[in-house]
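So the structure is just underneath, and the comments pick up after that.
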Amino acid sequence: MKNSISTPTDRLDGPEKASGKAVYTDDIRPEGLLFARTLRADRPRARITAIRLPEIPDNYFIVDRNDVPGRNRIKMLEDDWPFFAGEVINHVGEPILLVVGPDREKVADILNSIEVEYEDLPPVLSIDDAIAAKSPIFGDDNCFAAYSFRKGDPDTAFSTAKTVIEGEFKTGYHEQAYMEPQGMIGSYKNGKLTVTGSMQCPFYVKNAMMQLTGFKEDAVQIIQATTGGAFGGKEEYPSLLAGHVAVAAIKTGKPVKLVLERGEDLAVTTKRHPSVSRYRSAIDENGRVIAMEADITLDGGAYAGLSAVVLQRALFAAIGVYNIPNVTVRGRVMATNHVPSGAFRGFGAPQAFFAVEMHMEQIASELGMNPLTFKEIHLVRQGDTTSTGGVLRDEIKIHEMLAKVLKMSNYRKKEGIFASKKGRFRSGIGLAIYLHGCGFTGKGEEIIKGTATIRKLAEDRAEILISNVEMGQGAQTTLRKIVARILELPIQNIEYANPDTDRVPDSGPTVASRTVIIVGHLLESAAKELKKRWNESETLSVSKSYRHPSYIQWDQDKLQGDAYPAYSWGIVAVEVEVDTLTYETAVKGVWTVHDVGIAIDEEIIRGQIEGGILQGLGYASLEVMDTADGAYRQHSFTDYIIPTSVDAPVIESELIDNPYEYGPFGAKCAGELPIAGAAPAYAAAVSHALGIEIHEIPVKPEILIKRAVK
Amino acid sequence: MKTKFTVNGKGISVHFSPTDRLLDVLRNYGFTEVKEGCRDGECGACVVLLNGKLVNSCQVLAASAMDGNVVTVKGLAGDKAAPIQEAFVDAGAVQCGFCTPGMVLATYALLRENPEPDTGEIRRALDGNLCRCTGYVKIIQAVQLAAERTKHHE
């Protein structure tokens, strides 16, 4: 019996997008608009010794760090990331100055005639370079953050183990590839700064602008424009672009627009962190993993950004969905002279799930066991403790889900048939099991303490006032549906405009799959109160602020306790066919089952799942950016290939209900979850087809050929 | 340079520089439903019908489209346009929406040539239009739904 709230509603933002009426950042063209372009560093690490400008015509401007009215640092965990480069540049593409003016071609001409002289400094161009720390760029060890924690007594377990199995796993840069490139428009009138643009986190941008300008709270206004996809890529980077248009608008007194071209967006915005993970497991005589040690290293790039939190999520996912009694988890994120890495759907977890799932496959293979059976005997159950000693309190339906996936995919039968296949085309099937901790990691929600408001309007209407954004994930429809259902009003009577920080409270950023479970829950309780008090007054607002459930205990210093209030779960099976002549791999089928609590809208959740799975299959099979002398070698969608309609497999997905007490209508989280499993399931399928272990994604034909020839 | 286009049935006079692409001219004259996703002819967000043919407007020099007849998603006319847009909404094929105008135009061009495409034909027809949100599952369903509905219109 499916929950009635899950029955699909037509997307409320659908008609204006399908008809071309939706207004994105670059579609906004105010009177007197100036265009900005960015002069960028062309090398990874150097001291700027001279900048030679051509003659600047009237109405054209150069904007640089000397124009910053407040502090030239983006407000983030460590305030180390400058809006405009200082004397030393630390990565290729680092912004040095802007050229601003009314004619775009003339702006480009001026930009091209600027000469910069550098004195090169020794760059840090790999994780190994960073660890060697010969010429550090951050602290004295190049380490942005390092954490470790233990559960049980891993030392004793390793000393008594029958077998110890080790493996190393690698993942590369992964680009969000939102279809709308990043862009911002700034204006400055009567002492007030307004920035409009494509973003996930209006208050991150606002706080960054306040630090940049030194302006008071009421002199900074941030407005989200319709956002054409984000996937984490518009979490922290928009603050930098906003800073550029803000300083330019303040200097020129005119509205200034900065929209990145695709090549520029690929070259300079944040990507998923590359990772190197070393795993070691102790196995007893019954073939059970009695201890696991995970050591994950990420390449953070030139500035700290959000890397420390990305690392935390990677580490808390490091032992996957398995109940391992003794655990050591260590990790660090290193500073390099690469473009800063950052948020991307999954936020560290996809790297960890690839590593732990492939390590489990590896152990099974070395023990001569069936990989699925081996994973199955280690699965967590309700009441088990996590690697940080938290308790998995809620019902876990993973066995039920597994049975469903096996049936949908005809897994066991295919597994047998494929193994005996000979000839040029080899088939394989693989499966990954994963979870996603809902909302911010650790104490994040307590620190953010989001507030959501619902305002009663005339004629049986109401308005949602929050800072969370629609970016394609369906927030418009999902959140209005929650409120409409409680107020017993038609969904069209519930308004929810793109957030404007002058009008909405800070309900927190649109990240960490928190919008429904955290903000939706605040809206649910505000709507319940408003419903009760509906006839009290013509104008009535109800606000609710986040209160941390008392049973969720977390010690941020020791990294002990419940890292997340709740978990969503997923399983994906992938079937592939490998051509052993060319080593090209085709995906023949994908089957998934997810537990997201209760889907607020089944169609929207399926959209998240299908999109997340394909993004994950891209990560698994073809998407990677690599670097040469600190610059990405991929410059366009011609060489950074994302899956097309021809590459996309049929994806069969099922949901199971598992209501969560503190989520709206029982909903948990869904946005990031589905990307975690696609890569390990794909790699496991290729591994099954060819009978080889896979330790690195993307699984490209050239890697398979090398392995096969060996 | 100066020329005339017909855009969505209306004649307009435009000024442009020799290096401008059709995409630039259209957007400069307010047809911002034509999206710039990559400027390399890879993503299909900027497709329009030029003299009836589906083209990436970023790959057409404005000068070479002189006197041309351009149709954007807002100018799709007749019984076939609305059902396609509605099918995209009804099938849940719209997420961030940035690729949607291009997808709708590509679907229009496909169904005009082939009113009853199979899924392989749909996939090949949309191969030049990238989407990062949907995994294409619901987009393919939307095209099938649109085909069904436009067939019933005839």
Side-chain angles (χ1 to χ4, degrees), chain A residues 8 10-11 13-24 26-29 104-105 176-181 226-231 259 261-263 470-474 601 603-604 606-615 617 636-638 642-651 653, chain B residues 17 19-20 24 27-28 30-43 45 72-76 81-82 84-101 103-104 119-120 122-140 142:
Chain A
D10 274 353
R11 278 186 75 112
D13 56 340
E16 70 163 15
K17 287 174 172 173
S19 62
K21 289 179 194 143
V23 178
Y24 298 81
D26 198 20
D27 306 339
I28 302 169
R29 303 186 164 212
R104 273 185 279 198
E105 274 181 53
Q176 294 86 357
Y178 32 75
M179 283 295 112
E180 180 212 22
T226 301
T227 297
F231 311 108
V259 174
E261 286 194 359
R262 178 61 63 183
E470 168 68 58
M471 51 186 172
Q473 88 282 36
D601 191 285
E603 192 165 83
I604 284 174
R606 280 182 209 282
Q608 288 296 299
I609 291 169
E610 290 153 5
I613 296 275
L614 190 62
Q615 211 168 31
L617 288 173
S636 70
F637 285 151
T638 313
I642 64 170
T644 69
S645 53
V646 170
D647 306 315
V650 173
I651 299 170
S653 72
Chain B
S17 66
T19 55
D20 272 352
D24 303 319
R27 288 188 57 81
N28 285 343
F31 299 95
T32 54
E33 67 271 28
V34 185
K35 302 299 181 202
E36 180 173 328
C38 74
R39 222 177 163 75
D40 287 314
E42 287 289 340
C43 80
T72 75
V73 73
K74 282 189 181 168
L76 277 185
I84 295 172
Q85 290 167 353
E86 282 162 23
F88 268 75
V89 177
D90 292 351
V94 180
Q95 288 195 24
C96 85
F98 203 76
C99 75
T100 314
M103 288 286 181
V104 168
T119 53
I122 294 171
R123 285 171 185 278
R124 283 191 293 280
L126 300 182
D127 194 20
N129 293 76
L130 296 178
C131 166
R132 191 59 154 173
C133 295
T134 63
Y136 303 100
V137 177
K138 294 190 194 306
I139 288 177
I140 292 162

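Just so it is clear, the values below take in all heavy atoms, side chains as well, and ignore hydrogens, waters and symmetry mates. Each chain gets a letter, A, B and so on, in the order its sequence line appears, and its residues count up from 1. Just so you know, these numbers come straight off a predicted model, no measurement behind them.
Interface residue A:Thr638: backbone and side-chain heavy atoms are both found under 4.5 Å from chain B. Of the two parts of A:Pro15, the backbone and the side chain both hold a non-hydrogen atom closer than 4.5 Å to a non-hydrogen atom of chain B. For A:Pro8, no part lies near chain B; criterion is any non-hydrogen pair under 4.5 Å. Looking at A:Val650, the atoms closer than 4.5 Å to chain B (heavy atoms on both sides) sit in the backbone and in the side chain alike. Using a 4.5 Å cut-off between heavy atoms, A:Glu16 makes no contact with chain B at all. In this structure, chain A has a heavy atom under 4.5 Å from the side chain of B:Thr19, while its backbone stays farther away.
Residues B:Arg132 and A:Pro643 form a side-chain contact, since some pair of their non-hydrogen atoms from C-beta on lies under 4.5 Å apart. B:Cys133 places a side-chain heavy atom less than 4.5 Å from the side chain of A:Phe231.
Atoms OG and CZ, on A:Ser636 and B:Arg39 in that order, are 14.0 Å from each other to the nearest 0.5 Å. For the atom pair CD of B:Glu36 and CG of A:Asp26, the computed distance is 7.0 Å after rounding to the nearest 0.5 Å. Interatomic distance, B:Thr134 OG1 to A:Leu614 CG, rounded to the nearest 0.5 Å: 8.0 Å.
Looking only at heavy-atom pairs under 4.5 Å with chain B, the residue among A:Glu470, A:Gln608, A:Met179 that has the most is A:Met179. Contacts with chain B were tallied for A:Val646, A:Thr227, A:Ile613; A:Val646 has the most, counting heavy-atom pairs under 4.5 Å. The candidate from B:Asp127, B:Val34, B:Thr119, B:Val104 with the greatest count of non-hydrogen atom pairs under 4.5 Å with chain A is B:Asp127. Among A:Glu261, A:Met471, A:Arg29, A:Lys21, the residue with the largest count of heavy-atom pairs under 4.5 Å with chain B is A:Arg29. Among the candidates B:Glu33, B:Met103, B:Lys74, the residue making the largest number of heavy-atom pairs closer than 4.5 Å to chain A is B:Lys74. Listed options B:Ile122, B:Ile140, B:Val137 were ranked by heavy-atom pairs under 4.5 angstrom with chain A; first place goes to B:Val137. Counting heavy-atom pairs under 4.5 Å between each of B:Cys38, B:Gly120, B:Ala45 and chain A puts B:Cys38 at the top.
Partner A:Thr644 forms a side chain to side chain contact (heavy atoms under 4.5 Å, CB included) with one of B:Asn129, B:Leu126, B:Leu130 and no other, that one being B:Leu130.
A:Ala648 approaches B:Gly135 most closely through the heavy-atom pair CB-O, 3.7 Å. When all heavy atoms are compared, the tightest approach of A:Gly20 to B:Pro101 is CA-CG, 4.2 Å.
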A:Phe637 vs B:Asp40, test: side chain to side chain contact (heavy atoms under 4.5 Å, CB included). Steps then yes/no. CA-CA 8 Å; A:Phe637 285 151; B:Asp40 287 314; over 6 Å; no

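We find that B:Asp24 and A:Arg104 are not joined by a salt bridge, their nearest charged nitrogen and carboxylate oxygen being 4.0 Å or further apart. By the 4.0 Å N-to-carboxylate-O rule, B:Lys138 lies close enough to A:Glu610 to be salt-bridged with it. Under the 4.0 Å criterion applied to side-chain N and carboxylate O atoms, A:Asp27 and B:Lys35 are assigned as salt-bridge partners.
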Name each donor-acceptor pair under 3.5 Å that joins a side chain in residues 88-100 of chain B to protein atoms two or more places apart or in another chain, with its distance.
| unit_1 | atom_1 | unit_2 | atom_2 | d |
| --- | --- | --- | --- | --- |
| B:Asp90 | OD2 | B:Arg149 | NH1 | 2.9 |
| B:Asp90 | OD2 | B:Arg149 | NH2 | 2.9 |
| B:Gln95 | NE2 | A:Gly607 | O | 3.3 |
| B:Thr100 | OG1 | B:Gly97 | O | 3.3 |

